[in-house]
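What follows is one structure encoded as structure tokens, with my remarks underneath.
Count residues from 1 along the sequence.
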Amino acid sequence: MSSTLSFLCISTYFKGNEFLRACKQAGNKVYLLTNKKLEYKPWVREFIDEIFYVEEKADGSIDMNEIILGLAYMMRSRKVDRIVALDDFDVEKAAHLREHFRIPGMGQTTGRHFRDKLAMRMKAQEAGIKVPMFSSLFNDNEIFEFTQKVQYPCVVKPRSEASATGIRKVYNSGQLWEVVHYLGDRRHEYLVEQFKPGDVFHVDSLSLNGEFIFSRSSQYLSTPMEVAHGGGIFRSVTVPIGSALDVELQEVNAQVMKAFGMNYSATHSEFIKDHETGEIIFLETASRVGGANLAEMVEASSGINLWREWANIETAVAKKEEYVLPTFENLYSGIIISLTRQQYPNLADFDVPEICWRMNEEYHIGMVVKSESRERVIEILDDFAQKIYQNFHASAPVPNRPTH
């Protein structure tokens with residue numbers, strides 16, 4: 001096999017620069033396929049050989065036939081050895097293209113387990129992994145049976161949207177049927193599941209040959225759904241490393257990855273610890289690095305950059321070479337992010353030595369802090385949250401579909 005491989009990286013959101021940089025530094029040719037509206041974003045162009053653009057339609061969707069035709073034309077003169085999706089919304093596109101052009105990697109069946117929440121629920125349940133009570137919205141009788149058994153509230157959520165976009169909470173069967181009728185011909189794109197009160201966790205991992213080689217468990221102090229629907233401040237903190245909770249989260253995550261057929265990638269999984277039973281319940285997973293700058297938080301506590309190591313794993317697998325994970329630390333880190341009323345908030349009040357990363361985005365405030373003490377991390381996050389609420393915080397209505 002040629003020592004220089006060509007990677008087509010798909011990212012229809014502005015993210016993945018560190019992957020692109022590491023992929024190029026590993027000696028690969030790097031092509032980026034992205035949304036035309038992101039043309040002027042600060043991509044790491046010096047590490048990208050060529051950028052290709054696709055135009056989205058008025059409804060925000062992208063025509064797969066157009067991508068296939070464009071890639072077919074490109075491949076007349078350029079070889080593509082691997083295709084990598086850098087964002088959740090691109091996982092299905094990448095799987096489709098791999099299958100069409102017979103390029104190694106995750107195909108559409110496995111890819112669905114990392115994008116389609118109904119497929120996730122069914123596959124996890126089949127493997128004996130605890131999931132919330134759920135139902136597809138295909139069949140009226142099945143929905144009726146679900147309404148007779150479930151404890152409310154429930155959430156109706158899109159099968160293939162990331163984060164908390166498009167989720168509706170219902171408190172009785174009448175409201176559920178209203179939502180089903182409102183969805184009309186799109187109801188097959190949704191599912192309904194019981195809303196379980198509990199603490200929500202995320203496990204961010206790197207896997208190789210079907211085994212985790214690195215994993216870090218963290219707890220949302222404000223969940224993405226609370227933030228999206230309640231206008232809250234997003235916060236997360238590392239779980240006590242090596243604790244019984246940490247071990248249990250890692251074990252359930254390993255069961256999920258085995259059931260879903262994960263071979264190698266970065267993954268981001270979410271779980272809830274049921275307040276009533278104390279059980280760990282699987283919520284969802286994705287075959288990519290977690291969003292909301294969680295990679296910066298994980299790197300602060302471990303020294304492992306998930307984007308960079310994912311690129312190195314992809315290269316090693318493609319070249320059939322050994323991959324060695326760098327040594328890592330076991331510190332504690334936390335993240336806090338909020339929308340702000342000010343275009344460029346004054347951060348003079350946020351000045352502690354534990355800050356190791358600051359967000360640089362208009363109308364946002366965000367920081368990652370790290371310490372040897374988890375209690376110190378939480379103390380800082382609580383203090384920062386209070387200051388942000390008092391002086392900066394703004395909230396925006398949750399969109400019906402994702403925004404770029």
Side-chain angles (χ1 to χ4, degrees), residues 9-20 22 84-91 94 106 111 113-115 117 120 160-165 199-207 212-228 233-239 241 246 249-250 252-254 256-257 260 262 264-272 282-311 313-314 328 332-337 356-357 359 361 364 366-370 377 381 402:
C9 301
I10 307 176
S11 191
T12 50
Y13 278 47
F14 177 61
K15 61 166 60 173
N17 263 342
E18 192 56 41
F19 184 101
L20 298 166
V84 181
L86 300 182
D87 186 69
D88 228 16
F89 293 98
D90 304 316
V91 169
M106 187 187 290
H113 297 145
F114 293 91
R115 271 296 284 147
K117 291 180 174 65
M120 287 181 205
S160 294
E161 301 288 10
S163 74
T165 305
D199 297 323
V200 184
F201 300 88
H202 56 100
V203 182
D204 297 276
S205 311
L206 295 167
S207 54
F212 286 129
I213 54 172
F214 171 80
S215 218
R216 183 107 322 166
S217 309
S218 311
Q219 179 178 353
Y220 290 121
L221 300 178
S222 315
T223 69
M225 184 164 168
E226 286 169 349
V227 173
I233 293 174
F234 178 77
R235 294 185 299 159
S236 181
V237 65
T238 315
V239 162
I241 295 167
D246 185 24
L249 286 165
Q250 308 273 0
V252 179
N253 196 33
V256 170
M257 291 304 142
F260 286 16
M262 171 52 68
Y264 60 93
S265 184
T267 53
H268 170 80
S269 303
E270 298 188 351
F271 302 89
I272 190 163
F282 168 63
L283 288 179
E284 58 188 65
T285 190
S287 57
R288 44 85 180 167
V289 173
N293 300 103
L294 293 176
E296 284 81 357
M297 175 187 152
V298 170
E299 185 172 10
S301 74
S302 64
I304 297 294
N305 183 295
L306 295 170
W307 288 109
R308 188 183 309 133
E309 297 315 316
W310 179 21
I313 288 169
E314 290 278 355
F328 58 88
Y332 290 94
S333 63
I335 189 168
I336 184 165
I337 294 177
C356 57
W357 175 85
M359 187 174 224
E361 201 173 315
H364 281 78
M367 282 150 286
V368 169
V369 298
K370 71 174 179 179
V377 170
L381 293 182

Notebook entry, point to check: Would you say the side chain of Asp199 lies within less than 4.5 Å of the side chain of Gln219, judging by non-hydrogen atoms?
Noted result: yes
Check: Is it the case that Thr12 and Asp90 place a side-chain donor and acceptor less than 3.5 Å from each other?
Finding: yes
Checklist line | Gap separating the NE2 atom of His202 from the CG atom of Leu294, nearest 0.5 angstrom | finding: 4.5 Å
Notebook entry, point to check: Hey, what do you get for CZ (Phe214) to CD1 (Ile304), rounding to the nearest 0.5 Å?
Noted result: 5.5 Å
Check: Would you call Met257 and Thr285 a side-chain contact if the rule is heavy atoms closer than 4.5 Å?
Finding: yes
Margin query: Between Arg115 and Asp88, is the side chain to side chain contact (heavy atoms under 4.5 Å, CB included) condition met? List the steps.
Written below: CA-CA 7 Å; Arg115 271 296 284 147; Asp88 228 16; 3.7 Å; yes
Next item on the list: Using atom types as modelled and distance alone, determine if a side-chain donor or acceptor of Thr238 lies under 3.5 Å from a backbone N or O of Ser333.
Entry: yes
Note to self: What's the separation between atom CE in Met262 and atom OG in Ser269, rounded to the nearest 0.5 Å?
What the structure shows: 8.5 Å
Item checked: Side-chain touch Leu381/Leu221, heavy atoms, less than 4.5 angstrom -> yes
Checklist line | Distance, nearest 0.5 Å, that separates OH of Tyr220 from CD of Glu270 | finding: 3.5 Å
Next item on the list: Would you check if Leu283 and Met120 make a side-chain contact, meaning some heavy-atom pair closer than 4.5 Å?
Entry: no
Notebook entry, point to check: Nearest 0.5 Å, what's the CE-CH2 distance between Met297 and Trp357?
Noted result: 12.0 Å
Next item on the list: Apply the test side chain to side chain contact (heavy atoms under 4.5 Å, CB included) to residues Arg288 and Phe114: give CA-CA distance (whole Å), side-chain angles for both, the deciding distance (0.1 Å), then the verdict.
Entry: CA-CA 9 Å; Arg288 44 85 180 167; Phe114 293 91; over 6 Å; no
Item checked: Between OH on residue Tyr332 and OG on residue Ser218, distance to nearest 0.5 Å -> 11.0 Å
Note to self: Under a 3.5 Å cutoff, is there a donor and acceptor pairing between the side chains of Glu309 and Asn305?
What the structure shows: no
Margin query: Set out, in order, the CA-CA distance, both residues' side-chain angles and the distance that settles side chain to side chain contact (heavy atoms under 4.5 Å, CB included) for Leu86 and Trp310, then state yes or no.
Written below: CA-CA 10 Å; Leu86 300 182; Trp310 179 21; 4.1 Å; yes
